[in-house]
Amino acid sequence: MLYINEATELSATKVFMFGFPCSNEEVCDSITGVKGSFNKIMEGINRLKKYEVKFVLNMVVSHLNMDYLYETAEFVKKVKKGDIIVADK
């Protein structure tokens, strides 16, 4: 496990990238198969923001979360300042 003090030391040259399945808590937990995963992801995001560590959120769109695509994009815009990039392939 990477602790936040290690993460801040690495942040000068690194960007952390992790999955963000959906802004809907139930759908997120269903996709990951782990109850409470949405809350753990949000805790991680808040820690990274607190220590000004650079990070990227990655969402793979599937039939499980495609109905929440717009909602998730709006959520991410509020949580993380910056661009939203859509790749189709």
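For clarity, every value in this text was computed on a predicted model and none was experimentally measured.
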Within-4.5 Å side-chain heavy-atom neighbours: Met59 and Leu69: yes

Using 0.5 Å steps for rounding, measure from the CG atom of Asn46 to the CG atom of Asn39. 10.5 Å

For Val34, what are the other residues in its hydrophobic cluster, where any two members join if their side-chain heavy atoms are less than 4.5 angstrom apart? none

For Lys77, is there an ion pair with Glu74 - N to carboxylate O distance below 4.0 angstrom? yes

Rounded to the nearest 0.5 Å, what separation is found between the NZ atom of Lys78 and the OG atom of Ser23? 9.5 Å

I want to check something: taking the side chain as every heavy atom from C-beta on, are Phe75 and Phe20 in contact at a cut-off of under 4.5 Å? yes

Spell out, yes or no, whether Leu57 and Ile31 are grouped together once hydrophobic residues are joined by side-chain heavy atoms under 4.5 Å, including indirect joins. no

Check whether any side-chain N or O of Ser30 sits under 3.5 Å from a backbone N or O of Glu26 as a donor-acceptor pair, and report yes or no. no

Can you see which heavy atom on Gly19 is nearest to which on Ile41, and at what distance? O-CD1, 3.9 Å

Are the side chain of Asp29 and the backbone of Phe38 linked by a donor-acceptor contact shorter than 3.5 Å? yes

Val27 pairs by side chain to side chain contact (heavy atoms under 4.5 Å, CB included) with which of Asn65, Thr72, Asp67? Asn65

Is any side-chain heavy atom of Lys49 less than 4.5 Å from a side-chain heavy atom of Phe55? yes

As an exercise, state the distance from CG of Leu64 to SG of Cys28, rounded to the nearest 0.5 Å. 11.5 Å

Less than 4.5 Å apart, any side-chain heavy atom of Phe18 and any of Ile45? yes

Side-chain heavy atoms of Val79 within contact of Met42, under 4.5 Å: yes

